[in-house]
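Order of the sequence lines fixes the chain letters, A, B, ..., with proteins taken first and strands second; residue numbering starts at 1 for each chain. The structure displayed is predicted, hence computed values, not measured ones.
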Number of protein chains: 2
Amino acid sequence: MTSQQTWSIAQLAEEHGVTHRTIRHYEELGLISPERRGTTRVFHRRDRIRLALILRGKRIGFPLEEIRKIVDMYDEQPGEAGQLSYLLDRIEDRRADLERRRQDIQDSLDELAELDRRCQADLAALRSPTHRQ
Amino acid sequence: MTSQQTWSIAQLAEEHGVTHRTIRHYEELGLISPERRGTTRVFHRRDRIRLALILRGKRIGFPLEEIRKIVDMYDEQPGEAGQLSYLLDRIEDRRADLERRRQDIQDSLDELAELDRRCQADLAALRSPTHRQ
DNA sequence: CTTTACGTTTACGTTAACGTCAAGTAGCAG
DNA sequence: CTGCTACTTGACGTTAACGTAAACGTAAAG
């Protein structure tokens, strides 16, 4: 009884605002692997979570192949020490990548704020010297 | 004498780690418009700055058409009040977009940190109970 | 004067990430 | 049985962002 809920392809597509073609594409690339009942796909909680991760990865700007590696990280079994420290290295790589992107975005936001200030100033200058109101 | 420096296409390509084809592609799309001396392109400070902005936009994940609008924002002349408030609206849109991306990245970083913690714990569990050193 | 380096345009090729048919199946309603 | 709805598998089309090759101009160097 621990959340036996399943979803159809149409439900997941609707919920995440993508087409069924998109979801099937992700399956072709091995990003998700839903159960099959006969020929029909049945999506479980795990698939749904992976889909959400995939779409966030896309918003961030990762290519699907990269995203596959990333979501796979979350599903790997602990295993032995070697695998664990390998996984830790990959986590660190990923973290560094995300930090770089965060910095780029922060820089953009800062410049945007500066541009905003200048515009506000120009606007004020247009109004103030001509008429006091 | 206020920084008359110019660059060749090869210099800019080298400096930013892209090919000349890439730079010419950006020109075709109207993202940069270097001077011409005869048939040869001559890049000025302005072009160099735009190229840097373009590449950062790419790292963030914007499509080139979007990037063109963005870099154009920085070059628009103040003009009259209508144009200014229009520009301010576009700045706000862009800011909201960047904030969303920032949030996605932050969420990813948080989850990554959590995964990291679990791995460290698993690694420790593998070493500690078996032998004390 | 020919080679070498650097530049140019034109144009077809490639990869990623789907879109868009076409054609078929499986279950249920009437 | 018929029709409808939701699902399936091909397979070709499309867009973005360049790669790559061909064919040519120009200017300094040997």
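Of the possible donor and acceptor atoms, one in the side chain of B:Asp47 sits under 3.5 Å from a partner among the backbone N and O of B:His44.
Annotation: cation-pi pair A:Arg68/A:Phe62 absent, no NZ/CZ under 6.0 Å from the ring centroid and within 45° of its normal.
Side-chain nitrogen and oxygen atoms of A:Thr22 include none within less than 4.0 Å of the OP1 or OP2 phosphate oxygen of C:dA17. In this structure, B:Tyr26 does not reach the D:dA17 phosphate: none of its side-chain N or O atoms is under 4.0 Å from OP1 or OP2.
The separation between B:Glu28 atom CD and C:dT9 atom P is 9 Å, rounded to whole Å. In this entry the distance linking CG of B:Leu12 with P of C:dG7 reads 10 Å, nearest Å. A:Arg24 has its CZ atom 6 Å from the P atom of D:dT9, to the nearest Å. Rounded to an integer number of Å, the gap from A:Ile23 CD1 to D:dA6 P is 15 Å. As rounded to whole Å, 14 Å separates atom C1' of D:dT15 from atom NE2 of A:His25. Put simply, CD on A:Glu65 is 10 Å from C1' on C:dA16, counting in whole angstrom units. Note: CG (B:Leu55) to P (D:dC18) measures 9 Å, nearest angstrom. Separating the NZ atom of B:Lys58 from the C1' atom of D:dC18 is a distance of 8 Å, rounded to the nearest angstrom.
Note on the helix from C:dC1-D:dG30 to C:dG30-D:dC1: terminal axis deviation equals 20°, with five pairs used at each end and the result rounded to 10°.
A:Asp122 has no carboxylate O lying under 4.0 Å from a charged side-chain N of A:Arg118, or vice versa, which leaves the two without a salt bridge. We find that B:Arg50 and B:Asp75 are joined by a salt bridge, their nearest charged nitrogen and carboxylate oxygen being less than 4.0 Å apart. Comment: B:Arg94 engages B:Glu66 in a salt bridge, judged by a side-chain N to carboxylate O separation of less than 4.0 angstrom. Ionic pairing of B:Arg59 and A:Asp104 is present here: one or more N-O contacts between side-chain nitrogen and carboxylate oxygen are shorter than 4.0 angstrom.
The heavy-atom pair separating B:Val18 from B:Leu55 by the smallest distance is CG1-CD2, 4.0 Å.
Heavy atoms of other residues, nucleotides or ligands lying less than 6.0 angstrom from OH of A:Tyr86 number 12 at most.
Residues from residues 33-43 of chain B that place a heavy atom under 4.0 Å from any atom of DNA chain C, listed by number: B:Arg36, B:Thr39, B:Thr40, B:Arg41.
Partner of B:His16 under the side chain to side chain contact (heavy atoms under 4.5 Å, CB included) criterion, chosen from B:Leu51, B:Ile54, B:Ile23: B:Leu51.
Taking only distance into account, the side chain of B:Arg21 meets the base of D:dT20 through a donor-acceptor pair shorter than 3.5 Å.
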